[in-house]
Amino acid sequence: MRIVVGMSGGVDSSVAALLLKREGHEVIGVFMNNWDEKDDTGVCTAERDWADVRRVCDQIGIPYYAVNFQREYMDRVFSHFLEEYRRGRTPNPDVLCNREIKFSALKDFAQKLGAEKLATGHFARTDAAEGRARLLLSADPDKDQTYFLYMLSQPQLKMARFPVGDMTKAEVRAVAREAGLRTSEKKDSTGVCFIGERNFRAFLKTYLPAQPGEIRDVDGRVVGRHEGLMYYTPGQRRGLGIGGEGGRWYVVDKDLARNVLVVDQRADSPRLYSAESRLEAATWIAGAPPVSPGQWLCVRARLRHRQALQGARILVDGGDVLVRFDRPQRAVTPGQSTVFYRADECLGGGIVTR
RNA sequence: UGGGGUGUAGCCAAGCGGUUAAGGCCCGGGGCUUUGACUCCCGUAUGCGCAGGUUCGAAUCCUGCCGCCCCAG
């Protein structure tokens with residue numbers, strides 16, 4: 001079977017390619033260059049990553065390509081990312097990136113190459129039940145990445161392969177090491193996918209105008225000034241610049257109408273906790289909601305990557321979802337995604353509106 | 001003007017004659033992390049408003065000056 005592997009230059013996708021090759025498939029490595037800019041330290045990590053991809057593919061003995069989806073990334077991911085920040089929300093570009101770039105633009109490219117499957121180094125698993133593809137938690141609970149994949153559709157998931165999904169990170173590195181892959185000890189990448197680790201405030205500042213304003217406590221007293229609401233997100237404590245007595249301050253709210261950042265010194269401020277949340281733009285892996293309209297469904301949910309799964313009940317209302325948590329959740333953040341699970345299966349999720 | 005109080009790092013704040021001046025916040029660096037956050041670890045005053053003096057030794061005592069705060073008038 002001809003399979004394209006999306007290769008980042010990291011150890012996970014390197015091993016993904018290696019395993020598929022060992023299975024006897026006709027494997028083609030494809031490296032994506034979606035962001036042409038040096039990082040904060042002046043290094044263009046994409047060049048080094050591309051060099052690693054070439055080297056690894058040579059070691060494995062597979063052909064490789066580099067593709068440039070900068071235009072697609074800008075139009076379909078980054079523009080939305082900026083728009084969300086402009087609206088005062090805190091977006092997650094990587095969930096969109098998977099749907100719009102890796103499993104769309106790259107998927108199209110793979111199909112042009114005649115590939116039947118598109119593999120990546122994601123820590124996630126899939127299986128098929130009654131003609132439908134399912135997305136399942138990875139074997140390594142610490143590295144599970146289904147949170148970033150919840151927007152995938154049936155066609156996208158049916159073409160996807162995740163060769164390292166049933167391995168632990170340690171096992172992946174061990175395989176890479178034994179095969180002598182140069183990426184075996186490479187540090188895991190972080191930051192926005194393709195963009196990398198950034199001084200976020202400075203990064204945003206180059207794209208969006210900032211409007212400074214007051215910082216007030218929950219009683220309305222002015223306790224400082226902010227540089228622009230978009231630089232802050234609920235639950236955040238660093239970067240507020242408020243010294244003095246009483247300890248740390250946490251962002252508990254953003255008053256967009258008044259351009260006021262609301263803060264509290266209680267880490268467990270009641271303003272930070274929500275027993276309920278509402279989502280929009282819900283998507284379901286199965287292609288349809290897992291429950292009939294008007295009926296509550298018991299699920300597990302996570303509001304951010306790597307968060308332990310939380311008990312909740314959901315009510316689907318068209319593209320919206322009402323979520324009631326078993327336990328109040330801290331810093332439910334508009335723009336972020338809430339993703340649902342039943343047992344090990346990822347059901348889908350949506351974007352938090354409140 | 002008189003009386004009282006007070007001046008320790010960017011912000012709070014211990015210290016009240018004797019090891020290298022607590023701690024918290026902010027900030028910086030690192031760890032964790034394919035979003036943003038949270039969290040964890042490490043670091044940050046040769047100097048205590050200024051100038052003298054007492055003392056073996058002063059942020060700590062004394063004198064003067066300067067700056068704030070409060071009460072009188």
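Chain letters run A, B, ... following the sequence lines, proteins first, then strands; residues in each count from 1. Just so it is clear, the values below take in all heavy atoms, side chains as well, and ignore hydrogens, waters and symmetry mates.
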*Asks:* Starting at the 5' end of RNA chain B and moving along, which residue's nearest nucleotide shows up first, A:Leu303 or A:Leu240?
*Replies:* A:Leu240
*Asks:* Please state how far atom NE2 in A:His305 lies from atom C1' in B:U33, giving the value in whole angstrom units.
*Replies:* 6 Å
*Asks:* Answer yes or no: side-chain N or O of A:Arg248 and base N or O of B:G24 forming a donor-acceptor pair under 3.5 Å.
*Replies:* no
*Asks:* Please determine, for B:G47, whether a Watson-Crick or G-U wobble partner exists with both distances under 3.5 Å, and give it or none.
*Replies:* none
*Asks:* Using atom C1' of each nucleotide, how far apart are B:G10 and B:U44 to the nearest Å?
*Replies:* 12 Å
*Asks:* Using a 4.0 Å heavy-atom cut-off across all strands, classify A:Thr333 as base, sugar-phosphate, or nothing.
*Replies:* base
*Asks:* Before you tell me yes or no, could you show the steps for A:Asp140 and A:Ser138 under side chain to side chain donor-acceptor pair (under 3.5 Å), namely the whole-Å CA-CA distance, both residues' side-chain angles and the distance that decides it to 0.1 Å?
*Replies:* CA-CA 5 Å; A:Asp140 189 334; A:Ser138 71; 5.9 Å; no
*Asks:* Starting from C1' on B:A37, measure out to CG on A:Leu261 and report it in whole angstrom.
*Replies:* 13 Å
*Asks:* Which nucleotide, if any, forms a Watson-Crick or G-U wobble pair with B:U19, using both distances under 3.5 Å?
*Replies:* none
*Asks:* Between A:His122 and B:U34, does any side-chain N or O lie under 4.0 Å from OP1 or OP2?
*Replies:* no
*Asks:* Quickly work out the A:Met151 CE to B:U34 P distance and round it to whole Å.
*Replies:* 19 Å
*Asks:* Send over the distance from A:Leu272 CG to B:U39 P, rounded to a whole Å.
*Replies:* 11 Å
*Asks:* Between A:Arg125 and A:Asp166, is there a salt bridge with N-O shorter than 4.0 Å?
*Replies:* no
*Asks:* What nucleic acid atoms does A:Pro234 come within less than 4.0 Å of, heavy atoms only: base, sugar-phosphate, or nothing?
*Replies:* sugar-phosphate
*Asks:* Could you check whether A:Asp142 gets within reach of a base, just the sugar-phosphate, or nothing at all, counting any heavy atom under 4.0 Å?
*Replies:* nothing
*Asks:* So, do A:Tyr231 and A:His226 have ring centers that fall under 6.0 Å from each other?
*Replies:* no
*Asks:* Rounding to an integer number of angstrom, what distance separates B:C62 and B:C70 when you compare their P atoms?
*Replies:* 26 Å
*Asks:* When we call it a touch if two heavy atoms are under 4.0 Å apart, what does A:Phe194 touch: a base, just sugar-phosphate, or nothing?
*Replies:* nothing
*Asks:* Looking at every strand, decide which applies to A:Arg304 at a 4.0 Å heavy-atom threshold: base, sugar-phosphate, or nothing.
*Replies:* base
*Asks:* Considering only the P atoms, how many Å lie between B:U63 and B:U6, rounded to the nearest integer?
*Replies:* 15 Å
*Asks:* Partners of A:Glu100 by salt bridge (charged side-chain N to carboxylate O under 4.0 Å, His left out), sequence neighbours excluded?
*Replies:* A:Arg76
*Asks:* Taking the P atom of each, how far is B:G28 from B:G52, in whole Å?
*Replies:* 38 Å
*Asks:* Report the nucleotide, chosen from B:C38, B:U34, B:G36, that has the shortest atom-to-atom distance to any side-chain atom of A:Cys193.
*Replies:* B:U34
*Asks:* Report yes if a side-chain nitrogen or oxygen of A:Tyr250 is closer than 4.0 Å to either non-bridging phosphate oxygen (OP1 or OP2) of B:U39; otherwise report no.
*Replies:* yes
*Asks:* Tell me: CH2 of A:Trp249 to C1' of B:C38, nearest whole Å?
*Replies:* 19 Å
*Asks:* What residues form a ring pair (Phe, Tyr, Trp, His ring centres under 6.0 Å) with A:Tyr64, not counting sequence neighbours?
*Replies:* A:Trp50
*Asks:* Please name all residues satisfying ring pair (Phe, Tyr, Trp, His ring centres under 6.0 Å) with A:Tyr207, sequence neighbours left out, ordered by chain then number.
*Replies:* A:Phe78, A:Phe203
*Asks:* Is it the case that the base of B:U34 and the side chain of A:Lys143 share a donor-acceptor contact (distance under 3.5 Å, atom types as modelled)?
*Replies:* no
*Asks:* Measure the shortest side-chain to side-chain distance between A:Arg86 and A:Glu83 over non-hydrogen atoms and say whether it is less than 4.5 angstrom.
*Replies:* yes
*Asks:* Return the nearest nucleotide to the side chain of A:Lys187; candidates are B:U39, B:G36, B:G31.
*Replies:* B:G31
*Asks:* So, OP1 or OP2 of B:U35: does either fall under 4.0 Å of a side-chain N or O from A:Arg198?
*Replies:* no
*Asks:* Do NZ/NE/NH1/NH2 and the carboxylate oxygens of A:Asp12 and A:Lys143 come within less than 4.0 Å?
*Replies:* no
*Asks:* For A:Ser189, which residues count as a side chain to side chain contact (heavy atoms under 4.5 Å, CB included) partner, sequence neighbours excluded?
*Replies:* none
*Asks:* Once you apply the 3.5 Å cut-off to both distances, tell me the Watson-Crick or G-U wobble partner of B:C32, or none.
*Replies:* none
*Asks:* Show your reasoning for whether side chain to side chain donor-acceptor pair (under 3.5 Å) applies to A:Thr90 and A:Thr333.
*Replies:* CA-CA 7 Å; A:Thr90 307; A:Thr333 305; 5.7 Å; no
*Asks:* Reckon A:Arg330 has a side-chain N or O less than 4.0 Å from the OP1 or OP2 of B:A37?
*Replies:* no
*Asks:* Between B:A9 and B:U60, how many Å separate the two P atoms, rounded to a whole number?
*Replies:* 15 Å
*Asks:* Which value, in whole Å, describes the distance between the C1' atoms of nucleotides B:G31 and B:U39?
*Replies:* 10 Å
*Asks:* For A:Asp144 and for A:Gln236, find the nucleotide of RNA chain B with the closest heavy atom, then tell me which residue's nucleotide is more 5'.
*Replies:* A:Asp144
*Asks:* Please list, by residue number, the residues of residues 160-174 of chain A whose heavy atoms come closer than 4.0 Å to an atom of RNA chain B; answer none if no residue qualifies.
*Replies:* none
*Asks:* Just checking A:Gly246: base, sugar-phosphate only, or nothing, at a heavy-atom cut-off of under 4.0 Å?
*Replies:* nothing
*Asks:* Measuring from the side chain of A:Arg238 (C-beta onward, heavy atoms only), which nucleotide among B:U34, B:C38, B:G36 has the closest atom?
*Replies:* B:C38
*Asks:* Nearest whole angstrom, please: distance from the P of B:G36 to the CG of A:Asn92.
*Replies:* 9 Å
*Asks:* Using the side-chain heavy atoms of A:Arg306, tell me which of these nucleotides is nearest: B:G36, B:C12, B:U33.
*Replies:* B:U33
*Asks:* Can you tell me the distance, in whole Å, between the CD atom of A:Glu245 and the C1' atom of B:C26?
*Replies:* 14 Å
*Asks:* With rounding to whole Å, what would you report as the distance between B:U46 and B:U8 at their C1' atoms?
*Replies:* 15 Å
*Asks:* For B:G67, which nucleotide in any strand shown is its Watson-Crick or wobble partner with both distances under 3.5 Å?
*Replies:* B:U6
*Asks:* Going by a 90° cut-off around 0, is B:C38 syn or anti?
*Replies:* syn
*Asks:* Checking A:Asp253 now: which residues fulfil side chain to side chain contact (heavy atoms under 4.5 Å, CB included) with it, not counting sequence neighbours?
*Replies:* A:Val262, A:Arg271
*Asks:* Please report the distance separating the C1' of B:A58 from the corresponding atom of B:C48, rounded so that it comes out in whole Å.
*Replies:* 11 Å
*Asks:* Let me know the distance between CG of A:Asp94 and C1' of B:U34, rounded to the nearest Å.
*Replies:* 6 Å
